[in-house]
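Worksheet: the structure to be examined is printed underneath.
Keep in mind that the numbers below use all heavy atoms, side chains included, and drop hydrogens, waters and symmetry copies.
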Amino acid sequence: QVQLVESGGGLVQPGGSLRLSCAASGSIVSIYDMGWYRQAPGKERELVASITSGASTMYADSVKGRFTISRDYDKNTAYLQMNSLKPEDTAVYYCNAKIRTMGSIGGYWGQGTQVTVSS
């Protein structure tokens, strides 16, 4: 089995920064794309940023220039560096990864971590 464990969420003031981490563990053969999603109360879950196995990145327009996604291939970990945070960034952030195991390829989700931006 595969597990994604997220950390780094919390309460921060507008203009502040947070770094989220997503560590994958289990019977992993290889990890393809990884991404960060978020869901605010009353809104649909949206893709915030993604990174491929070749390190190509994409960002939602709302976070371009402020957020940076990265990954550590040796540690099977993805990160989301969030700078210049705004109240509208408040949401539960979820890590997602497409992972090959010994027997299959599948998508996996982390448990989610709360990010609250407020003064």
Side-chain angles (χ1 to χ4, degrees):
Q1 64 172 318
V2 173
Q3 297 182 59
L4 301 181
V5 179
E6 298 163 315
S7 62
L11 174 65
V12 65
Q13 295 184 352
S17 299
L18 285 174
R19 189 181 75 159
L20 306 183
S21 298
C22 172
S25 62
S27 56
I28 298 170
V29 175
S30 62
I31 301 178
Y32 298 98
D33 295 355
M34 302 187 78
W36 287 96
Y37 293 72
R38 69 185 182 188
Q39 187 167 24
K43 297 184 178 180
E44 67 181 54
R45 187 173 298 186
E46 64 175 347
L47 177 65
V48 176
S50 65
I51 184 167
T52 69
S53 59
S56 178
T57 60
M58 294 184 180
Y59 298 92
D61 289 340
S62 59
V63 306
K64 286 182 179 178
R66 300 188 297 120
F67 291 10
T68 302
I69 188 171
S70 61
R71 64 192 292 175
D72 186 321
Y73 295 90
D74 292 333
K75 296 181 178 180
N76 289 333
T77 299
Y79 305 93
L80 184 67
Q81 178 66 47
M82 304 184 293
N83 299 325
S84 301
L85 283 162
K86 305 174 181 179
E88 50 262 45
D89 294 318
T90 296
V92 177
Y93 284 70
Y94 299 90
C95 179
N96 176 264
K98 183 180 181 180
I99 298 174
R100 179 188 292 275
T101 63
M102 181 178 65
S104 65
I105 299 174
Y108 298 85
W109 289 94
Q111 80 285 354
T113 184
Q114 177 71 48
V115 172
T116 302
V117 184
S118 176
S119 59

Taking R100 for the side chain and G106 for the main chain, is one N or O donor matched with an acceptor at less than 3.5 Å? no

Would you mind reporting whether V115 and M82 have side-chain heavy atoms less than 4.5 Å apart? yes

Minimal non-hydrogen separation, M102 against V29, with atom names: N-CG2, 3.6 Å

Separation of T52 OG1 from K98 NZ (nearest 0.5 Å): 11.5 Å

Find out if a path of hydrophobic residues (ILVMFWY) with successive side-chain heavy-atom gaps under 4.5 Å connects V48 to V12. yes

Inter-residue atom distance S118.OG - L85.CG, 0.5 Å rounding: 12.0 Å

Do I99 and I105 come within less than 4.5 Å of each other through their side chains, counting heavy atoms only? no

4.5 Å side-chain heavy-atom contact, K75 and S21: no

For A78 versus M34, what's the shortest heavy-atom pair and its separation? CB-CE, 3.6 Å

Looking only at heavy atoms, what is the nearest atom pair of T57 and I69, with distance? CG2-CG2, 3.7 Å

Hey, does E6 have a side-chain heavy atom less than 4.5 Å from the side chain of Y93? no

A side-chain contact here means heavy atoms from C-beta on lying under 4.5 Å apart; do P14 and P87 qualify? yes

CG of D89 to OG of S62, rounded to nearest 0.5 Å, is 7.0 Å

Considering only heavy atoms from C-beta outward, does the side chain of N76 approach that of I31 to under 4.5 Å? yes

Please determine whether the number of non-hydrogen atoms from other residues, nucleotides or ligands lying under 6.0 Å from atom CD of Q1 exceeds 12. no

Check: Y79 and D72 side chains under 4.5 Å, non-hydrogen atoms: yes

Do the ring planes of Y94 and W109 sit parallel (below 30°), tilted (30 to 60°) or perpendicular (above 60°)? perpendicular

Quick one: closest heavy-atom pair of Y73 and S53, and the distance? OH-O, 3.0 Å

Minimum heavy-atom separation for A91 and Q114, please, with both atom names. O-NE2, 3.5 Å

Determine whether a donor-acceptor pair (N or O, by modelled atom type, separation under 3.5 Å) exists between the side chain of R19 and the backbone of Q81. no

Heavy-atom distance under 4.5 Å between the side chains of T101 and Y108, does that happen here? yes

Do V92 and W36 share a hydrophobic cluster, counting only Ile, Leu, Val, Met, Phe, Trp and Tyr and linking them when any side-chain heavy atoms are less than 4.5 Å apart? no

With L80, which of T113, L20, V63 fulfils side chain to side chain contact (heavy atoms under 4.5 Å, CB included)? L20

Shortest non-hydrogen contact from S17 toward N83: OG-OD1, 2.9 Å

Distance (rounded to the nearest 0.5 Å) between C22 SG and L4 CG: 4.5 Å

Using salt bridge (charged side-chain N to carboxylate O under 4.0 Å, His left out), reason through K64 and D61 one step at a time and then give a plain yes or no. CA-CA 5 Å; K64 286 182 179 178; D61 289 340; 3.1 Å; yes

Evaluate the side-chain contact (heavy atoms from CB on, under 4.5 Å) criterion for residues R66 and K86: first the C-alpha distance (whole Å), next the side-chain angles of each, then the deciding distance (0.1 Å), finally the verdict. CA-CA 10 Å; R66 300 188 297 120; K86 305 174 181 179; 3.9 Å; yes

